[in-house]
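See below for the structure under consideration.
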Amino acid sequence: DEISVTQWGTSLYGAPYAVAMAEGLFKKAGVDITSIIGSGGGGTTVRNLLASDTPYGDVAIAAALAAQRQGLDVIIVNTGTRSVAEASLVTMPDSPIKSLKDLEGKKVAITSPKGVSEMLLLMALKEQGVDASKVERVASGGYVNGLTMLEQGAVAAAALIEPLSIIRADKYRTVVNYGKVLPPMTTSVGITTRAFAKANPAKLKAIIAGRADGVKAIYADPAKAAEIVGKDFKLEPKIAKIAVDNMIGPRMWSEGEFSIPELNRTVDGLKLIGEVTADVDWSKLLDPSYLPPALQGTK
Amino acid sequence: MIAMRHVLGPLLVILAGLVAWEALHLGVANSSLPSPLETLRQMGVLLGDPTFWKQAGQTFYAFAVAVVLSTAAGITLGVLLGMKRLAGEVAEPILVNLYSLPKVTLYPLVLLIFGLGISARIAFGIMHGLIPLTLFTMNAILQLKPVYRRSAAVMGLTSWQTAVSVILPAILPQVITGARLGVSLCLLGVLIGEMFASRNGLGYMVTHAMERGDMPTVLAVALLIAIVALVANGLLLALDRSRRPS
Amino acid sequence: MATSALYRFSGYAFWLRLAVIVGAVGALEFACRIGWIPMTILLPPSVMAASLAEILARGTYNRDMLVSFSNVAAAAVIAIVLGFLIGAILHALPKVRGAVEPLLASYYAVPTFMFYPVFIILFGVGSGAIIAIAVLLAIVAMITATLNGIDRIPPVLGKTARMLRMGPVERALKISLPAALPYLFTGMKLSVAYAFIGVIASEFILSGAGIGYAIAYAYNNFNNRDMYALMLLIILAVTVINAGLDAVDRRLQSRLRR
Amino acid sequence: MSAVLAAVPSAATDDHHARLTGVTRVFGSPKGGAVHALGPVDLDLRRGEFFSVVGPSGCGKSTLLDVLAGLSAPTAGRAEFEGKPITGVPAGVGVVFQEDASFPWLNVHDNVSFGLRRSGVDPAEIERRVDYALGFMGLKDFAKAYPAQLSGGMRQRVCIARTLVMQPRLILLDEPFGALDQQTRLLMGDELLRLWRETNATVLLITHALDEAAMLSDRVGVMSARPGLFIDVLETGWPRDRDSRIVSHPRFGELTAHLWEKLRAESLKHLRGS
Amino acid sequence: MSAVLAAVPSAATDDHHARLTGVTRVFGSPKGGAVHALGPVDLDLRRGEFFSVVGPSGCGKSTLLDVLAGLSAPTAGRAEFEGKPITGVPAGVGVVFQEDASFPWLNVHDNVSFGLRRSGVDPAEIERRVDYALGFMGLKDFAKAYPAQLSGGMRQRVCIARTLVMQPRLILLDEPFGALDQQTRLLMGDELLRLWRETNATVLLITHALDEAAMLSDRVGVMSARPGLFIDVLETGWPRDRDSRIVSHPRFGELTAHLWEKLRAESLKHLRGS
Ligand SMILES: Nc1ncnc2c1ncn2[C@@H]1O[C@H](COP(=O)(O)OP(=O)(O)OP(=O)(O)O)[C@@H](O)[C@H]1O
Ligand SMILES: Nc1ncnc2c1ncn2[C@@H]1O[C@H](COP(=O)(O)OP(=O)(O)OP(=O)(O)O)[C@@H](O)[C@H]1O
Ligand SMILES: [Mg+2]
Ligand SMILES: [Mg+2]
């Protein structure tokens with residue numbers, strides 16, 4: 001079977017799937033995942049999974065909410081990641097910008113309006129009591145473009161994400177690491193269609209269980225996980241090692257269990273960028289019943 | 001000898017382009033603009049990498065299928081529209097309109113219909129390559145000198161013989177011109193498809209490299225694609241030249 | 001007589017064409033309404049139109065439209081002017097022309113978008129880089145048309161200019177330019193089309209503003225109503241632009257029908 | 001017709017080879033109206049004669065030729081070739097069109113053999129005939145050349161050779177020398193006469209040049225403006241064994257002047273009428 | 001030249017209007033060789049005469065005209081117009097080129113007034129002259145039409161009118177009727193004669209058609225193949241007040257036949273030579 005994972009190959013969201021595939025954990029759980037459909041992210045992943053035979057996917061929470069808002073029949077069956085530790089804001093080494101406070105009256109490169117990079121920036125500004133309206137946000141279309149603008153002096157700071165931030169660690173200075181200023185929040189979730197869940201509960205459970213085992217395996221042996229991820233994502237082993245190690249501390253990957261406060265924190269962020277206008281009624285969206293029994297209780 | 005003469009000039013232009021590139025690289029000194037040398041080195045690395053060949057294989061498979069299908073369909077459609085004058089006149093503005101439409105914006109629709117996978121990319125390639133070939137073929141037939149068909153008639157040729165031994169060779173030069181544009185655009189269509197939503201192929205590789213800021217790979221792939229396009233174009237030109245003397 | 005006959009024929013073809021389009025739209029509407037095509041994939045044309053009217057009334061995308069259309073206009077103008085100058089220079093240098101022309105033919109296969117990061121360095125993010133991509137896409141058509149147009153100025157017009165003892169500037173303005181204009185306009189028409197494609201496509205893939213971006217955004221957020229409304233907007237815009245340019249083109253071309 | 005000219009006995013036989021009786025051709029116009037292009041025309045082509053047609057542009061000369069070639073059915077009247085009504089392209093008729101009809105994608109040899117190769121003639125025989133035709137038309141050295149490498153006159157010769165190899169009994173030529181200068185026309189005219197003599201074919205030549213018609217033909221038909229009719233048929237009385245030296249014959253000037261007068265009279269009538 | 005023709009007194013005066021002495025023109029060829037296109041040619045154009053030039057294609061007729069128009073400097077020899085050597089385009093010379101030179105982007109009126117408007121002539125005077133020229137050339141009803149809406153013959157008339165309004169004293173015409181059928185040529189020839197008579201200009205007409213040259217001219221120069229030389233200059237002896245009715249004059253046939261013979265002899269010489 002093929003399942004969809006957002007940012008597959010570029011972001012560490014997908015590490016548990018890589019490990020579970022390489023270690024045969026999916027097979028052990030009772031499903032044969034042969035490959036992963038990757039995508040640039042957001043709604044594309046949801047579209048992709050809807051178009052595929054096994055409509056399960058790990059997607060950004062904003063995309064899952066948007067899909068439901070537009071009346072698509074999807075449910076959230078597990079959580080994926082719960083940290084924003086891979087994201088940061090950087091500036092040039094010789095820049096006078098030392099903290100978020102210094103950004104007032106300056107331009108900051110984000111990837112696209114209403115995207116994750118903007119959301120994190122606004123959340124961090126709010127957390128630190130900086131007036132967001134004084135920070136001009138410029139959409140660059142991508143992290144690399146933002147860096148280019150930074151180097152050209154078009155912006156004072158740019159959003160950045162791993163593993164790019166590790167690859168170019170020596171070129172820029174980190175202003176803020178979002179994982180350090182923002183508390184844990186759910187960033188990606190596993191979704192499927194209601195119809196698929198009804199028809200293939202066993203398969204769905206096996207996928208979730210396999211992924212959960214993958215998460216456990218990462219925490220149990222980070223070095224090995226880094227090796228697997230490095231190979232799958234074509235990262236130099238050294239960089240993969242740093243990337244995975246960076247995520248172990250904040251416990252980036254959840255085994256799948258739901259935490260309402262962590263979910264709501266993300267929603268608060270989405271409200272800041274205007275993606276969401278009202279509180280979310282999770283009871284209609286979540287279905288923990290496909291999780292391993294031990295994880296079914298919500299926090 | 002003659003081939004040398006045709007190739008030498010363009011080669012000089014390309015060389016001049018490389019020099020300008022190097023100058024630009026030195027001038028702006030930005031990590032997003034690697035030097036030509038870096039790019040060529042990366043190209044060497046790619047060419048020695050089996051996964052690159054796997055991706056390239058994917059792209060060229062989709063490209064080949066798209067080219068074959070759009071060529072066959074384009075010529076057939078062009079011939080049909082060209083023979084039925086009224087149909088041609090009805091269809092032409094519609095085709096021109098479709099041609100000048102930014103087709104990327106229709107890509108969501110293509111994905112929704114064809115799903116992921118190779119068929120969407122092939123479809124997208126065909127969307128780009130089909131129309132120019134159809135238009136060129138159709139116009140070639142509309143502009144075909146009537147005296148050719150009349151000559152065939154007085155020599156007692158059947159309509160099938162006329163089509164095969166008079167009409168087709170007569171329109172071939174324009175069909176080749178259309179094919180040159182069509183093939184280029186087919187490749188572009190497949191690549192854009194891969195860039196936008198795909199998990200393999202050179203277009204995906206470029207997107208992936210862009211996301212990681214790996215500009216040498218981006219430019220190396222772009223160069224390779226340009227070379228392939230140039231070679232394909234050169235072959236079609238040579239085919240055209242071989243058919244008629246200077 | 002031959003001309004007017006052609007026109008009548010064209011008139012007939014026009015109505016037939018309209019009938020074909022109306023038929024196709026009607027069939028689509030029907031297929032959507034009775035559920036052959038699920039609404040999650042395609043909306044009935046009437047819904048698209050209604051949604052477009054809504055969007056225009058609400059002004060949701062006014063800023064995007066402004067950005068896109070002004071970028072298209074800028075790119076088209078730059079491509080036309082620059083393309084004409086380059087074409088004229090190439091024409092004056094036959095050796096260089098011989099070397100460059102074979103490259104122009106395969107030009108369209110190179111996905112210009114790949115150079116976006118480079119353009120950002122050169123032109124900054126946003127409109128600058130996008131216009132640059134669109135210019136790059138559009139300029140070739142203008143260069144080719146300029147070369148073709150100058151090639152086709154009959155030499156006898158040059159002789160006539162000499163008989164009238166015209167200076168080089170007067171000759172360029174009063175003879176060469178009007179004589180080449182129909183061909184130049186064909187190039188302009190293509191340039192506008194390519195500028196449109198270039199701008200919308202780059203917005204779609206790369207940018208944070210404009211109609212192209214709005215379509216990509218609507219796609220990502222499953223907002224089919226907005227997405228199809230914007231697609232319809234683009235189709236209508238292309239049709240209107242094409243029809244307008246075509247009318248002018250036809251007038252100019254009719255001069256050449258000798 | 002002046003008595004001097006009529007007194008000369010005709011060189012042609014009296015046998016009918018092709019015959020048009022009351023032939024009219026009307027084209028439907030896209031406006032719904034109709035263009036009356038030709039006729040009603042009566043014409044008897046005698047077997048083996050050289051007949052020229054002159055007349056103003058647009059008078060229906062090409063239309064007349066199309067009817068004889070079976071490319072266009074008459075709207076009214078009867079067209080016969082060798083006693084049988086013409087329906088479709090009749091075997092034994094060859095046409096050289098007004099426009100250059102050489103195929104640019106074939107070299108001269110392949111152009112000339114084109115029709116034969118599709119008619120199932122034995123290859124050795126094809127080569128023999130093509131060789132002969134190329135030699136006859138002075139194209140031997142250009143067998144491997146492509147039309148683009150030839151002058152307009154040579155391309156026209158290719159078309160004549162292509163028609164010739166099919167060994168037609170009736171050859172229709174529609175202004176084949178239109179693109180040539182007078183000197184070349186003269187040479188081509190001589191070649192055409194030689195061809196006509198050697199093949200014994202019947203030749204119908206459409207031309208604009210009155211002196212050319214006067215020089216080459218047994219008979220010259222003068223057509224009126226559209227809808228074309230024969231307003232005069234002039235018997236030249238030349239011997240069968242003739243060539244361009246005939247221009248020094250005093251009758252050549254007379255014939256030319258006679259044709260010019262006819263044309264002038266017709267022009268004036270036309271002017272007054274319109 | 002035959003005694004009959006020479007006996008007729010010339011209608012032209014003996015005053016030299018333009019004169020070529022030993023004029024030769026050699027073109028450098030791109031391959032490094034050289035094309036000897038013309039000459040050495042001697043020519044005296046008498047003031048007010050109608051002189052025609054005939055000769056095979058490529059013999060240098062257009063080159064001769066370019067020299068007279070000052071568009072092309074002779075490689076050797078002297079060219080004079082009204083007593084002064086020709087350097088650059090001389091004032092008082094008008095040319096109608098072989099190719100259609102009407103400006104497709106201007107309507108007929110603006111085409112005809114184009115040259116005048118640049119020359120600073122008073123607007124009222126421009127209108128007067130343009131009106132006259134349009135009327136003269138039968139273009140009055142087409143003043144607002146564009147060249148694309150006209151036939152080839154009418155476009156050629158536009159070019160003639162455009163030249164005419166400049167009131168040239170020497171008019172050079174390079175096969176202006178090339179695209180027309182005989183009937184229209186006849187009418188155009190009459191108009192040209194009328195124009196010549198009314199303006200008192202000197203006319204040099206290049207043509208392919210021998211009968212046309214015989215009909216229109218005071219003198220006909222026959223040129224040899226490239227490099228072109230005058231091998232004969234024939235004095236027609238027509239009265240100044242003539243028109244196309246002259247074709248019924250017995251001498252018309254004689255003149256035509258004479259020109260044909262010259263051409264034939266030249267052709268044969270050429271054939272033997274090559
Ligand atoms: N297919 C057609 N449809 C309508 N009208 C036609 C068609 N073919 C010819 N005509 C008209 O019939 C008339 C005679 O045409 P035709 O070509 O026979 O003239 P022609 O004597 O050969 O002229 P030319 O000397 O210029 O070749 C013209 O008025 C022409 O416009
Ligand atoms: N610019 C040029 N460069 C080289 N050769 C030339 C040039 N112009 C003319 N020639 C050559 O000079 C010769 C005479 O040319 P010209 O145009 O004067 O002939 P023509 O008598 O006017 O022919 P036609 O009757 O076909 O118009 C030809 O062989 C031609 O190829
Ligand atoms: Mg005809
Ligand atoms: Mg000439």
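Chain letters run A, B, ... following the sequence lines, proteins first, then strands; residues in each count from 1.
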Give the C-alpha distance, both sets of side-chain angles, the deciding distance and a yes or no for side-chain contact (heavy atoms from CB on, under 4.5 Å) between Leu116(D) and Met155(B).
CA-CA 8 Å; Leu116(D) 278 182; Met155(B) 285 188 273; over 6 Å; no
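Using a 4.5 Å cut-off on side-chain heavy atoms (C-beta onward), Leu71(D) and Val154(B) make contact. Using a 4.5 Å heavy-atom cutoff, the side chains of Trp105(D) and Ser165(B) are not in contact. Residues Phe97(D) and Ser151(B) have side chains in contact (heavy-atom distance under 4.5 Å, counting atoms from C-beta outward). Side-chain contact between Asp100(D) and Lys145(B) is present, with heavy atoms from C-beta onward closer than 4.5 Å.
For a heavy-atom cut-off of 4.5 Å, chain B lies close to Arg162(D), Met166(D) in residues 157-166 of chain D.
Asn107(D) does not touch chain B: none of its heavy atoms, backbone or side chain, sits under 4.5 Å away.
Environment of OH in Tyr61(B): sparse, with no more than 12 heavy atoms of neighbouring residues, nucleotides or ligands closer than 6.0 Å. Arg194(D) CZ: more than 12 foreign heavy atoms inside a 6.0 Å radius.
For Glu99(D), there are no salt bridge (Lys or Arg N to Asp or Glu O under 4.0 Å) partners, not counting sequence neighbours.
Of all the heavy atoms in Pro104(D) and Tyr148(B), the pair that sits closest is CD-OH, 3.1 Å. Taking each heavy atom of Ala101(D) and Val147(B) in turn, the nearest pair found is CB-CG2, 3.7 Å.
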